[in-house]
Amino acid sequence: MAAPTLAIVVPCYKETEALPASLGTLLGLLDEFAAEGIAAPDSYIMCVDDGSPDATWSVIEEWHGRDSRVKGIRLAHNRGHQCALLAGVDAVADRCDAAVTIDADLQDDPRAMRAMLGHMADGAEIVYGVRSSRESDSWFKRTTAQGFYKFQHMLGLETVYNHADYRLMSARALRYLRQYGESNIFLRGIVPQIGLQTAVVEYPRTARTAGETHYPLSKMIALSIDGVTSFTAKPMRWIFTVGLLLLVVDIAVALWVLIAYFRHATISGWASLMLSVWFLGSLILMGLGIVGEYIGKIYTEVKHRPRYALRDELFD
């Protein structure tokens, strides 16, 4: 079989510091892959500038001028990491045999691509990069990330444990991915639903090459909520279950109150009454919030607005 044309899709947001070193590393890998015959010489890098307010696009233009294998698209507005990834794979789907998505900070070991290409040669069409170690992460980030995966599995969401968005997809898998038209994008949940032959490559997670993380706790929580509410209705079932349990408690309390009333043993219970009101009020508001999250998703989806718009393109 001929060596496949590989497209490396790199979402970028405020990566002025990290991108030059990352591009140098990735171009070096493409040279190695071409020399080893595991990727075609016309393989390339697709940088996706997610509406960065800094000089990220200028860096992409500069590197494109140096080496035509560095290509790029710039979104007209910041749309978030998942949209940037999707824009990148959409751009390369008809211009490659396989695409690998990897973040610009290169915390996910780019050398694992060699093993990914090996699995592809053996027939796999989706190869997941799975972190074997997260020692470079802080204790808080490592703990919350592991809790995030366990919470997803508890809700029945089909994801790959310790896999972020570092993966290889064949051209056929990319075409199937295009058929998913939702606006609330959670690729870690969508890709496993494609159902083609898969494989896993493990690697240790390392520190960023430069710059600061663009995925703070608030964005991790937002991603988790998007993932859960886009793929499972279990939270709403939990609300119903809690309601049934509270109904049982209410019946027991009502019986106790009636018995106390007829025995003339009633006493003032301001404290217990206030605690009950606050507790039940909190549960009601939480339930409304969860239902509202799902209704908001429906509201967004039915409008069928474009998920992103391109401002510039470097693809020659």
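Side-chain atoms are counted along with the backbone in the values below, which use heavy atoms only and exclude waters and symmetry mates.
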*Identify whether the distance between the nearest side-chain nitrogen and carboxylate oxygen of Glu182 and Arg307 falls below 4.0 Å.*
no

*Polar side-chain atom of Thr25 near backbone of Ala21 as donor-acceptor pair, under 3.5 Å*: yes

_Quick test of your reading of the model: are Arg69 and Asp31 salt-bridged, counting only N-O distances below 4.0 Å?_
yes

_On a heavy-atom basis, which atom in Met46 and which in Ala91 lie closest, and how many Å separate them?_
CE-CB, 4.4 Å

*Spacing of CE belonging to Met116 relative to CE belonging to Met120, to within rounding of 0.5 Å*: 12.5 Å

*Starting at CG of Leu6, measure out to SG of Cys96 and round the result to the nearest 0.5 Å.*
7.5 Å

*Hey, are the side chains of Leu310 and Arg74 touching, using non-hydrogen atoms and a 4.5 Å cut-off?*
no

_So, taking the atom named NZ in Lys71 and the one named CD in Glu313, what distance separates them when rounded to the nearest 0.5 Å?_
10.5 Å

*Sidechain N-carboxylate O distance under 4.0 Å for Asp94, Arg178*: yes

*Distance, nearest 0.5 Å, that separates CG of Leu86 from CD1 of Ile185*: 4.5 Å

*Rounded to the nearest 0.5 Å, how far apart are CZ of Arg114 and CZ of Phe33?*
5.0 Å

*Closest approach of Asp103 to Val10 (non-hydrogen atoms, all atoms of both residues)*: C-CG1, 4.2 Å

*asked:* Do the side chains of Arg188 and Asp165 get close enough for a salt bridge, i.e. N-O under 4.0 angstrom?
replied: yes

*Would you check if Glu17 and Glu15 make a side-chain contact, meaning some heavy-atom pair closer than 4.5 Å?*
no

*Is any side-chain heavy atom of Leu85 less than 4.5 Å from a side-chain heavy atom of Val48?*
no

_Sidechain-backbone polar pair: Ser43 side chain, Ala39 backbone, donor-acceptor under 3.5 Å_ = no

_Aromatic contact between Phe186 and Tyr180, with the criterion being ring centroids under 6.0 Å apart: yes or no?_
no

_Using 0.5 Å steps for rounding, measure from the CD atom of Gln82 to the OH atom of Tyr308._
13.5 Å

*Do side-chain atoms of Asp97 reach the backbone of Thr5 as a donor and acceptor pair under 3.5 angstrom?*
yes

*Which side chain to side chain donor-acceptor pair (under 3.5 Å) pairs, counting each pair once, include a residue from residues 194-203, with sequence neighbours left out?*
Asp108-Tyr203

*So, do Tyr44 and Arg95 sit near enough that their side-chain heavy atoms are less than 4.5 Å apart?*
yes

